[in-house]
Amino acid sequence: MGEVIQNLLRGAESLMAPGGWKYAVMILVGLALIALAILKDYEPLLLLPIGFGCILCNLPLSHAVQGMLEESSDPGFLTVLYNSGIANELFPVLLFIGIGAMIDFNPLFTQPVTLFFGAAAQFGIFMAMLLAVCCNFFLPDPFTMKEAAAIGIIGAADGPSAIFIGNLFAPKYMGSIMVAAYSYMSLVPIIQPPVVRALTTRKERMIRMDADYDKKAPKYVRIMFPIVVTIVAGIVAPMSTSLIGALMFGNLVRECGVTDKLSQTAQSELSNLITLLLGITIGATMHAQDFITLQTAMIMTIGLLAFVFDTAGGVMFAKLANLVLPRHRKVNPMIGACGISAFPMSARVIQRVASEEDPTNFILMPAVGANVAGQVGSIIAAAMILSIFA
Amino acid sequence: MPVNEVLDMILEALRAMAIGIPGVFMVLFVFYVTLKTLMRSKNKE
């Protein structure tokens with residue numbers, strides 16, 4: 001009887017043991033993420049499962065994550081999910097099929113020049129990597145070059161890419177990288193407007209970008225685009241093939257017009273299922289001993305700066321483009337900020353800022369064009385990081 | 001970490017930046033040309 005009670009109290013004993021406070025703190029972090037999701041509506045589809053996964057993995061002697069940190073013949077269910085979906089990169093790739101099925105490239109087809117904003121706004125990735133490396137001047141446990149690159153990928157503002165690179169280059173920091181990436185994505189409405197306002201004049205913010213966005217691109221173009229992009233990307237950036245291939249496959253299923261059921265499934269059931277499993281599994285990587293560190297604080301800070309640099313990079317590129325573009329084709333520099341991959345939130349935020357200056361100025365469609373370009377650009381940037389450091 | 005090693009890593013990060021940013025632009029430029037070609041070929045038809 002005494003032994004049974006002792007066994008029941010082992011979990012509580014672990015919390016009281018030296019270092020046990022870290023588990024309690026992580027459980028509070030999990031609760032905070034759940035509260036943010038439910039009360040503030042910040043990325044609830046992800047933060048809620050991540051928060052719950054965080055609690056599950058930090059309960060003392062949790063069987064849910066058994067075998068994740070040490071070898072075990074009886075792995076917990078989160079360990080099984082981790083090994084079958086994250087460690088082998090399956091979940092992010094499947095998620096890209098769903099994202100591809102949701103993306104409408106039409107605004108991009110109407111103004112193809114917005115593609116370049118998807119490249120300019122990847123500036124934050126490389127700046128964040130540089131900042132992570134600079135942290136090594138004072139960090140007792142410094143980041144390796146690959147870990148710095150994985151931290152930089154927070155600037156892609158793209159969850160699946162962050163998982164893909166993070167798992168390959170910095171599995172130790174996966175939890176922190178994912179929390180930073182998804183938290184700041186949900187904070188885009190707070191992060192971007194002040195940066196955009198600081199870098200543009202009122203006159204620039206009022207530039208109109210009128211075009212016929214109601215006109216749909218020909219079906220032939222909508223079908224050929226995902227196929228040709230996949231082939232071209234496979235040739236010029238082979239490391240991007242699985243990510244861009246999954247994204248473009250999803251888009252082809254959407255646009256071809258003969259696989260509506262598959263398109264619906266990819267957009268709803270597949271995306272929701274993967275998001276659910278991905279979130280709780282990512283949360284399960286937030287082990288107290290890896291998470292409550294100075295490195296995590298640095299990753300969170302660098303992640304925020306990555307979003308700031310992304311926004312600044314996109315806006316400055318648009319301003320530079322305006323120097324050479326003819327008067328009637330000048331772009332509103334704010335849409336440069338939409339080159340990040342946070343789709344469609346960034347476009348909505350920029351439209352809101354434009355409306356504040358001039359309620360009759362509608363730049364939503366070019367902003368969405370830059371936003372979907374950012375989706376493609378972030379994958380290509382991830383492929384660049386992979387090919388440089390793999 | 002010794003300062004020399006950190007400086008080496010900074011150089012490596014700058015090198016990655018010098019390759020990566022133009023690299024992303026280059027690939028997206030290829031997509032741009034592809035898209036323009038697709039649109040133009042359809043317009044000709």
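Chain A is the first sequence line, chain B the second, and so forth, proteins listed ahead of strands; every chain is numbered from 1.
- A:V228 places none of its side-chain heavy atoms less than 4.5 Å from the side chain of B:F31.
- For the atom pair B:L38 CG and A:I223 CD1, the distance stands at 11.5 Å (nearest 0.5 Å).
- With a 4.5 angstrom heavy-atom cutoff, A:S387 does not touch chain B via any of its atoms.
- Counting heavy-atom neighbours within 6.0 Å of A:F138 CZ, excluding the residue itself, gives a total above 12.
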After noting the C-alpha distance and the side-chain angles of B:V27 and A:V376, does the key distance pass the side chain to side chain contact (heavy atoms under 4.5 Å, CB included) rule? CA-CA 10 Å; B:V27 176; A:V376 178; over 6 Å; no

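- Note: A:F137 leads A:F137, A:F143, A:F123 in heavy-atom pairs under 4.5 Å with chain B.
- For residues 309-326 of chain A, heavy-atom neighbours of chain B at less than 4.5 Å comprise A:F317, sorted by residue number.
- Residue B:L28 comes nearest to A:G377 through the heavy atom pair CD1-CA, 4.1 Å, listed as atom of the first residue, atom of the second, then distance.
- Remark: A:F225 pairs with A:F105, A:F109 by the ring pair (Phe, Tyr, Trp, His ring centres under 6.0 Å) rule, at least two apart or across chains.
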For residues 230-242 of chain A, tabulate all N or O donor-acceptor pairs below 3.5 Å that involve a side-chain atom, not counting sequence neighbours.
residue : atom : partner : partner atom : Å
A:T230  : OG1  : A:P226  : O            : 2.6
A:S240  : OG   : A:A237  : O            : 2.7
A:T241  : OG1  : A:P238  : O            : 2.5

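- Side chains of A:I125 and B:V24 form no contact here, defined as non-hydrogen atoms less than 4.5 Å apart.
- Proximity to chain B (any heavy atom under 4.5 Å) is shown, for A:A120, by both the backbone and the side chain.
- Considering CZ of B:F25 and CZ of A:F116, their distance stands at 8.0 Å, rounded to 0.5 Å.
- Distance check, rounded to the nearest 0.5 Å: OG1 of B:T34 to CE of A:M224 gives 10.0 Å.
- Taking every heavy atom of both residues into account, A:F389 and B:E12 meet most closely at CE2-OE2, 3.8 Å.
- At a 4.5 Å heavy-atom cutoff, the contact between A:P112 and chain B is made by backbone and side-chain atoms alike.
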I'd like a table of donor-acceptor pairs (distance under 3.5 Å, sequence neighbours excluded) in which one partner is a side-chain atom from residues 1-11 of chain B, with atom names and distances.
none

